[in-house]
Number of protein chains: 2
Amino acid sequence: MPRPPSAMRRQILDAALRLFAEHGFKGTSLHDIAVEAHCSKASLLYHFAGKDAILTELLTPPAESLTAMSEELTALRGEQAVEPAVTGYVGLAMRFHLEVKIIFAELPDMLGHPVLAVIPRAVDQLADALAGRSREPRARITAQMVIGGVAVTVAADVDADPGTMRTEMVQGALRTLGRPTG
Amino acid sequence: MPRPPSAMRRQILDAALRLFAEHGFKGTSLHDIAVEAHCSKASLLYHFAGKDAILTELLTPPAESLTAMSEELTALRGEQAVEPAVTGYVGLAMRFHLEVKIIFAELPDMLGHPVLAVIPRAVDQLADALAGRSREPRARITAQMVIGGVAVTVAADVDADPGTMRTEMVQGALRTLGRPTG
DNA sequence: ACCGTAGCTGGCCGATCGGTCAGTTCTGAC
DNA sequence: GTCAGAACTGACCGATCGGCCAGCTACGGT
């Protein structure tokens, strides 16, 4: 339930995004966010129902995008799904790379978080598409490697321009899946 | 400095390893460990200097193994280093998969932890070997993908027998690096 | 001039955490 | 039996955390 936007609200979200990505959710206190956002701790709780609500609002967009993408992929059959899955996933991971970092920084808790409850199913569908609808262990394992490899690479602070990163991750992923680019 | 072993000591370490892997370091309290290990919280602190000491003792073996492996890799030149790096890293990740899970569950903090201070350098050397000593962005990015992909795959609870996982991860990693197996 | 309300704050609360300590129980050496 | 020390524990402490509340300030409508 986002309230009408305000300058301070955006400021808080920006500060929280930076701090969560750097120190994790549990590793960031409301005090830390307040200092970074140049306001009081009580002001945070005026704009947001609680610490968790801040996280929820930050992670809702990537969660919804992931769900939407994985739903679209279900329309594609067999190996036709592989390339769209790779490019779509890489794009998503790059667009929300800070959010990915937050999720990966505290995976166990995040997967238990309501707003991310959709992730296991979405990731399953994504893995299914990456595996070209194959149920063989080999395909499932390589799909998992691609999902993890892209996420970690995006979360790590690699000094390379976004264009190169995107291209190389897409090609690398396709190689991993055994579908080298001509 | 590990004291002489005792039954309770091992019991505590086992309990802590399970709980840290499942809920993360910060997500596990001394109380939780005490319950799991069937002893009092005070007893934990009799056997260990503190919560951190438990973590240190759990992560020292994998840290030392990683350091040793990356040191050995420095002796290999150019592309000769790639395959040993892959098989070595996959083996290490599988052997210490619970510890990998702990580290990845709270990456930011863990990298700041003294016992894991060796990791950035070791990972750098590993990436260097995986990249076949190349400094091109493409090679560095794919190396990063392999490191992340293997770690995440190993940390995730994939239902596949260890032999298959090892084989497929090694082959998948080699494909990612553009070195398909015959 | 008055008022309602949105925005914001300092101060406080209960819960939980890691850690300490005095004291008890167990056990093997003599 | 006695005693020393290892093993273990319940009770407690200070710090930190997320969250709550009474109240202050600024401002637009009437």
Side-chain angles (χ1 to χ4, degrees), chain A residues 1-59 102 105-106 108-110 112-116, chain B residues 1-59 102 105-106 108-110 112-116:
Chain A
M1 268 347 113
R3 308 191 188 192
S6 83
M8 180 57 77
R9 223 181 126 74
R10 262 262 63 88
Q11 209 166 331
I12 291 171
L13 285 175
D14 288 347
L17 180 60
R18 282 196 302 272
L19 292 175
F20 287 166
E22 188 168 0
H23 303 112
F25 178 69
K26 273 185 290 201
T28 305
S29 70
L30 292 181
H31 174 76
D32 297 334
I33 303 175
V35 169
E36 183 86 1
H38 303 293
C39 70
S40 73
K41 192 179 66 165
S43 184
L44 299 181
L45 297 164
Y46 168 77
H47 286 286
F48 297 92
K51 190 187 181 186
D52 210 66
I54 301 177
L55 181 70
T56 298
E57 194 148 325
L58 286 175
L59 296 188
I102 295 175
E106 261 139 314
D109 299 315
M110 292 300 157
H113 197 282
V115 76
L116 297 183
Chain B
M1 278 337 112
R3 310 190 188 188
S6 82
M8 179 59 77
R9 222 182 130 73
R10 259 268 59 90
Q11 210 167 330
I12 291 170
L13 285 174
D14 288 347
L17 180 60
R18 282 196 302 272
L19 292 174
F20 287 166
E22 188 169 0
H23 303 111
F25 178 68
K26 273 185 291 201
T28 304
S29 70
L30 292 181
H31 174 75
D32 296 335
I33 303 175
V35 170
E36 183 85 0
H38 302 294
C39 69
S40 73
K41 193 180 65 165
S43 183
L44 299 181
L45 298 163
Y46 168 76
H47 286 285
F48 297 91
K51 189 186 180 186
D52 212 66
I54 302 178
L55 181 70
T56 298
E57 194 149 324
L58 286 175
L59 296 188
I102 295 174
E106 262 138 315
D109 298 315
M110 292 300 157
H113 196 283
V115 75
L116 297 182

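In the text below, chain A, chain B and the rest are named by the order of the sequence lines, each starting its count at 1. Nothing here was measured: the structure is a model prediction, and the numbers come from that model.
- Side-chain proximity of Lys51(B) to the nucleotides dG18(D), dG10(D), dG19(C) is greatest for dG19(C).
- Note: NZ (Lys26(B)) to C1' (dT16(D)) measures 13 Å, nearest angstrom.
- Taking the side chain as every heavy atom from C-beta outward, Phe48(A) and Leu13(A) approach each other to under 4.5 Å.
- Taking atom CD1 of residue Ile33(A) and atom C1' of nucleotide dC17(D), one finds them 12 Å apart after rounding to whole Å.
- In terms of phosphate contacts, His31(B) brings no side-chain nitrogen or oxygen within less than 4.0 Å of OP1 or OP2 of dC17(C).
- One atom, CZ of Phe48(B), and another, P of dA6(D), lie 17 Å apart when rounded to the nearest Å.
- The main-chain N or O of Leu19(A) is never found under 3.5 Å from a side-chain atom of Glu36(A) such that the two would form a donor-acceptor pair.
- Note: CZ (Arg9(B)) to P (dA6(D)) measures 15 Å, nearest angstrom.
- Between Leu44(B) atom CG and dG10(D) atom C1' there is a gap of 14 Å when expressed in whole angstrom units.
- In this structure, CG of Asp32(A) is placed 12 Å from P of dT16(D), rounded to the nearest angstrom.
- Side-chain nitrogen and oxygen atoms of His47(B) include none within less than 4.0 Å of the OP1 or OP2 phosphate oxygen of dA6(D).
- Taking every side-chain heavy atom of Leu45(B) into account, dT20(C) is the closest of dT9(C), dT20(C), dG18(D).
- With distances taken from any side-chain atom of Ala42(B) to the nucleotides dC8(D), dC17(C), dT9(D), the minimum falls on dT9(D).
- When the side-chain nitrogen and oxygen atoms of Ser43(B) are compared with OP1 and OP2 of dA7(D), none of them lie within a distance under 4.0 Å.
- Mapping Cys39(B) and Leu30(A) onto DNA chain D via the closest heavy atom, the residue that lands nearer the 5' end is Cys39(B).
- Here Tyr46(B) reaches the OP1 or OP2 of dA7(D): one of its side-chain N or O atoms lies under 4.0 Å away.
- A donor and an acceptor atom sit less than 3.5 Å apart, one in the side chain of Lys41(B) and one in the base of dG18(C).
- In this structure, Lys51(A) forms a cation-pi arrangement with Phe25(A), its terminal cationic atom sitting closer than 6.0 Å to the ring centre and no more than 45° off the ring axis.
- Ion pairing of Arg18(B) with Asp14(B) is absent here, as no side-chain N (NZ or NE/NH1/NH2) approaches a carboxylate O to less than 4.0 Å.
- The cationic group of Arg9(B) does not satisfy the cation-pi geometry with Tyr46(B), failing either the under 6.0 Å distance to the six-membered ring centre or the 45° limit from the ring axis.
- Counting to the nearest Å, the P atom of dC8(C) and the CE atom of Met8(A) are 5 Å from each other.
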